[in-house]
Colleague: 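Got a structure for you, written out below as structure tokens; questions coming shortly.
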There are 2 protein chains.
Amino acid sequence: MPVARAALSADAVVDVALHLVDEDGPAALTLAAVASRAGVATPSLYKHVRNLAELRALMSVRILDDLAERIRGAVLGRSADEAIRALMMAWRDYVLGHPHRYSALDQAPEPMVAQAGDRVVDVVLAALRAYGLEDSEAIHAARCVRAAVHGFAVLEAENAFQRPEKLDETYDLLIHLVAGGLHTRQRNALPAPRPATPEPPAAASRRAPPHEVRAK
Amino acid sequence: MPVARAALSADAVVDVALHLVDEDGPAALTLAAVASRAGVATPSLYKHVRNLAELRALMSVRILDDLAERIRGAVLGRSADEAIRALMMAWRDYVLGHPHRYSALDQAPEPMVAQAGDRVVDVVLAALRAYGLEDSEAIHAARCVRAAVHGFAVLEAENAFQRPEKLDETYDLLIHLVAGGLHTRQRNALPAPRPATPEPPAAASRRAPPHEVRAK
DNA sequence: CCACTAAGCTAATGGCATTAGCCGGTGTCG
DNA sequence: CGACACCGGCTAATGCCATTAGCTTAGTGG
């Protein structure tokens, strides 16, 4: 089987795409732009990547894996609250360091991407070991950490916080809520969830229903 | 000034777009599709909406305002932990009820959208009043609630959790972390943040740098 | 009844993703 | 050594989509 001259490869394409996004934002991610940066005609990319959707997915996997590597490094040699704090700090640092990259994360149920996401959760899980949580409760806890950090990061990356309060302080509080909460519930079972609170009837939609929109 | 026949309007266009997204997912949001649903030629939409980006922004505002209304209803008549729990439950219910809608939320620093986001935070703020937090700490707390719920919701909506554990339980834990943590810190100042943890040097990028990608 | 204007339409442009089919170089195997 | 297969690139073509320009029409206010 011929190895062919070492030229582009799927990985290299992802590299180019990543730099493009870093510099020009997620909206600039187009096969045409990637091809141009790679010094190649657009259709050539299809030799390495099935289509734009796949490129996005590959990028997402790369980003999540990079992120996992970072936070893994941050956790090394620390444990419990220290570890969680370091992990969450490193996570946010990554996002702040590559804001566009984070908001380019795929919004699709690609299993490949979801697996990469679970690889991130694995690191969180490891950092959580010191709390001695039960197997499945550890998973819930790790998910909570991921949700909290991810939510904060997404919102911060898209500039969703308007008020003047410092985001650093907000993040400190978030770390505190998570770490503190996990700390106090080590080796305890989940408390019985309260009875579901009945919803007040949803307020009626404020506007005309979308069909019969044209009077006439 | 002639009012003209009551036909389409910006609001009506947003209605159509919202239904489109609800049914066919965020990727299906295209002016052509909206126009077709509205029974109108594509360029006609420009009489009501400046361009696709503005339509997206308007949609985001609507979604966030709907959401704010829902959670406002959920909080009515409850306070403290009860209120937070109800709020978070209602929030997730909204997202689960319109999964596509939530992931169609604008990812751009549109100030209009950010303001709508802050309107959501206002509701959270109100729900937090019972905790008697200081002004600015209340804002931090509200942001934490938003971040946690948003993160969870985004991840759940895009199916990012793979493991078999029930998401309901995870969410219960998340509520518990947030509510519990806020509870124990009522009327307390922020604890002195720990000294910044020095980062281990970032692991070297695993792949060739994106320029000089083409040998030869 | 007339003019104004909002709201709709058709036609045209240009970007982009994607497909089809061609070509040259490189290694492998006879 | 030479034929072959195949890889990775290219050009051409298609079709969808957003967006713009300019025309048409139908209510409204005078």
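Note on naming: letters A, B, ... go to the chains in the order of the sequence lines (proteins, then strands), and numbering restarts at 1 for each one. Excluded from the calculations below are hydrogen atoms, water molecules and symmetry mates; all remaining heavy atoms, backbone and side chain alike, are included.
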Colleague: Quick one: do R72(B) and D122(B) make a salt bridge, cutoff under 4.0 Å?
Modeller: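 Looking at D122(B) together with R72(B), the answer is no, because their closest N to O distance does not fall below 4.0 Å.
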
Colleague: With a distance cut-off below 6.0 Å to the six-membered ring centre and an angular limit of 45° from the axis, does R92(A) pair with Y171(A) as a cation-pi contact?
Modeller: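 Pair R92(A)/Y171(A) counts as cation-pi.
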
Colleague: Counting heavy atoms from C-beta on, name the nucleotide in dG9(D), dC9(C), dT19(C) closest to the side chain of P43(A).
Modeller: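 So the nucleotide nearest the side chain must be dT19(C).
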
Colleague: What do you reckon, is CZ of R129(A) surrounded by more than 12 foreign heavy atoms closer than 6.0 Å?
Modeller: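 It does not: R129(A) CZ has 12 such atoms or fewer within range.
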
Colleague: Are any of the side-chain nitrogens in E169(A) or R143(B) under 4.0 Å away from the carboxylate oxygens of its partner?
Modeller: no

Colleague: Treating S36(B) as the side-chain partner and A32(B) as the backbone partner, does any N or O pair qualify as donor plus acceptor under 3.5 Å?
Modeller: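 No, the answer is negative, given that no donor and acceptor are paired below the 3.5 Å cut-off.
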
Colleague: How many Å lie between NE2 on H48(A) and C1' on dT18(C), as a whole number?
Modeller: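 So the two atoms are 16 Å apart, to the nearest Å.
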
Colleague: Tell me whether the side-chain N/O atoms of S44(B) come closer than 4.0 Å to OP1 or OP2 in dC9(C).
Modeller: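 Answer yes for this pair, as a side-chain N or O of S44(B) is under 4.0 Å from OP1 or OP2.
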
Colleague: Please confirm whether the backbone N or O of G97(B) pairs with a side-chain atom of Y102(B), one donor and one acceptor, at under 3.5 Å?
Modeller: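 Answer holds: no.
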
Colleague: Could you go over nucleotides 15-17 of chain C and give all protein N or O partners under 3.5 Å, atom names and distances?
Modeller:
residue: dC16(C); atom: O3'; partner: T30(A); partner atom: OG1; Å: 3.4
residue: dA17(C); atom: OP1; partner: T30(A); partner atom: OG1; Å: 3.3
residue: dA17(C); atom: OP1; partner: L31(A); partner atom: N; Å: 2.8
residue: dA17(C); atom: OP2; partner: T30(A); partner atom: OG1; Å: 3.1
residue: dA17(C); atom: OP2; partner: L31(A); partner atom: N; Å: 3.2
residue: dA17(C); atom: OP2; partner: A32(A); partner atom: N; Å: 2.9

Colleague: What is the distance, rounded to the nearest whole Å, between atom NZ of K47(B) and atom P of dT19(D)?
Modeller: 16 Å

Colleague: Rounded to whole angstrom units, what separation is found between the CG atom of L45(B) and the C1' atom of dA7(C)?
Modeller: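 It is 11 Å, rounded to the nearest whole Å.
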
